[in-house]
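Source: prediction; values computed, not measured. Quick note: residue numbers are just sequence positions, from 1.
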Amino acid sequence: MAEELRKSLWAKDVPAKVYVGMRYWHPFTEEAIEQIKRDGITKLVVLPLYPQFSISTSGSSLRLLESIFRDDEYLVNMQHTVIPSWYQREGYIKSMANLIEKELQKFDRPEKVVIFFSAHGVPLAYVEEAGDPYKAEMEECVDLIIEELEKRKITNAYTLAYQSRVGPVEWLKPYTDDTIVDLGRKGVKGLLAVPISFVSEHIETLEEIDVEYKELALESGIQNWGRVPALGCEPMFISDLADAVIESLPYVGAMAVSNLEARQSLVPLGSVEELLATYDSQRRELPAPVTVWEWGWTKSAETWNGRAAMLAVLVLLLLEVTTGEGFLHQWGILPLFH
């Protein structure tokens, strides 16, 4: 994606370098920053690959950048701006509508399929207490995509739910798994899942949606399941991201401003410090990234917990058979198998 973005920028006469920095895997943000310094970059556009802004996603990355900038003499005066969200841009909206329209055609009765937007969830307190704009941006994003589909005479029923919750605290509702069960109970037979907050494939699309939620849907009576792929390197999407970068260039180092697009996002352009001061002033503790071996509260975690329990039972049974000692022998159960 980064290479395609670079090519698009160069094709638009903007010979910029593009760097990739991730929070939880290589190349880490710190590694990208070191390369930026080695290359002598003096102006920077920060482009989070989250379409919608949230304290827990884009905000988490901005917190890290804030600490890196503050502690580095080279970076402290770096002229930069952040494009905090871009869910409202025409290229993104039309690209999503294109993918949805294409996948609908794979169903025998496309007009009967419910379009199921599944977004990454965030703790409810972020929205209600900290003023996180994520929920409002997500709902507006879905409205814009549906508006584009209706222009194409596509008027399917649709719904929005939130996935990937962890821990005992309340997260944004409705939850994806509960909504799938409810749709099955209401007699829905065709469902098209749309990963609305992800632009690339990863565990939350390939495992959580494609495996866990598909299995749940079929168990709930939904007979026909489909899933819209992540945007990836869709040409219209990449070209529009390049346009967003180009439009932000006059504001590198400037105070926060509204987007140049006729349809603005709820969060304007601004520096790392300005955005954090406005949307993350309380610096709430963020949830840890979900890992495969997480214990409790999630469907994937329960699956692994169950597998671990089964493994423990098998180990105990093996010890009983090989040693001739243990609870099963004491209770007179194991000899019954001889």
Side-chain angles (χ1 to χ4, degrees), residues 23-24 48-60 85 87 96 99-100 103 113-128 132-142 145-146 157-186 188 191-220 222 225-232 286-305:
R23 289 287 280 114
Y24 304 113
L49 289 180
Y50 305 104
Q52 306 83 15
F53 180 86
S54 173
I55 295 169
S56 63
T57 54
S58 303
S60 172
S85 59
Y87 65 91
M96 289 297 298
L99 292 177
I100 292 170
E103 293 302 315
V113 175
V114 173
I115 301 173
F116 187 89
F117 294 97
S118 186
H120 194 290
V122 300
L124 183 62
Y126 286 6
V127 175
E128 293 190 343
D132 193 330
Y134 179 72
K135 181 175 183 288
E137 290 201 343
M138 185 60 68
E139 291 173 351
E140 183 180 3
C141 177
V142 170
I145 294 172
I146 292 300
Y158 66 94
T159 190
L160 167 65
Y162 297 90
Q163 65 180 84
S164 308
R165 70 185 187 274
V166 294
V169 300
E170 186 174 3
W171 284 51
L172 281 181
K173 292 182 179 180
Y175 299 140
T176 292
D177 48 1
D178 292 345
T179 303
I180 289 174
V181 172
D182 186 54
L183 289 173
R185 189 180 299 119
K186 291 177 177 177
V188 170
L191 197 65
L192 178 61
V194 183
I196 191 65
S197 53
F198 311 114
V199 297
S200 59
E201 304 290 2
H202 61 306
I203 191 170
E204 287 169 278
T205 58
L206 301 174
E207 166 64 23
E208 195 168 8
I209 294 179
D210 286 355
V211 178
E212 295 178 12
Y213 291 145
K214 179 181 180 179
E215 178 181 321
L216 179 62
L218 297 177
E219 291 174 352
S220 301
I222 296 170
W225 168 273
R227 203 264 283 181
V228 171
L231 281 168
L286 298 176
V290 179
T291 61
V292 173
W293 283 98
E294 181 164 0
W295 290 84
W297 299 108
T298 66
K299 181 172 172 59
S300 60
E302 291 169 4
T303 300
W304 283 106
N305 293 350

Do [X] and [Y] come within less than 4.5 Å of each other through their side chains, counting heavy atoms only?
| X | Y | value |
| --- | --- | --- |
| V199 | P51 | yes |
| R227 | T205 | yes |
| Y50 | H120 | no |
| I196 | I145 | yes |
| P229 | E103 | yes |
| R165 | D177 | yes |
| Y24 | S60 | yes |
| I146 | F117 | yes |

Legend entry - E137 side-chain N/O to F53 backbone N/O, donor-acceptor pair under 3.5 Å: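 Checking the backbone N and O of F53 against the side chain of E137, a donor-acceptor pair under 3.5 Å is found.
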First locate atom [atom1] of [X], then atom [atom2] of [Y], and finally report the distance between them rounded to the nearest 0.5 Å.
| X | Y | atom1 | atom2 | value |
| --- | --- | --- | --- | --- |
| L49 | S58 | CG | OG | 9.0 Å |
| E204 | D210 | CD | CG | 12.5 Å |
| I180 | E212 | CD1 | CD | 10.0 Å |

Legend entry - Those residues that, when tested against V127, pass side-chain contact (heavy atoms from CB on, under 4.5 Å) (two or more places apart):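 For V127 the side-chain contact (heavy atoms from CB on, under 4.5 Å) partners, ignoring immediate neighbours, are V122, D132, K135, L172.
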Legend entry - Residues that D178 engages under side-chain contact (heavy atoms from CB on, under 4.5 Å), provided they are two or more places apart: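 Only Y175 meet the side-chain contact (heavy atoms from CB on, under 4.5 Å) criterion with D178.
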Inset, instruction - Start with the C-alpha distance between E208 and S164, add both sets of side-chain angles, then the distance that settles side-chain hydrogen bond (donor to acceptor under 3.5 Å, both in side chains), and finish with yes or no. - result: CA-CA 8 Å; E208 195 168 8; S164 308; 2.8 Å; yes
Inset, instruction - Output, in order, the C-alpha distance, side-chain angles, deciding distance and verdict of side chain to side chain contact (heavy atoms under 4.5 Å, CB included) for Y134 and S56. - result: CA-CA 9 Å; Y134 179 72; S56 63; over 6 Å; no
Legend entry - Contacts of T179 that satisfy side-chain hydrogen bond (donor to acceptor under 3.5 Å, both in side chains) - sequence neighbours left out: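 T179: no side-chain hydrogen bond (donor to acceptor under 3.5 Å, both in side chains) contacts found.
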Inset, instruction - Can you see which heavy atom on T57 is nearest to which on Q52, and at what distance? - result: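 Smallest interatomic distance, heavy atoms only, reads OG1-O, 4.3 Å.
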Legend entry - Heavy-atom closest pair, residues V211 and L206: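 Reported closest heavy-atom pair: CG2-O, 3.6 Å.
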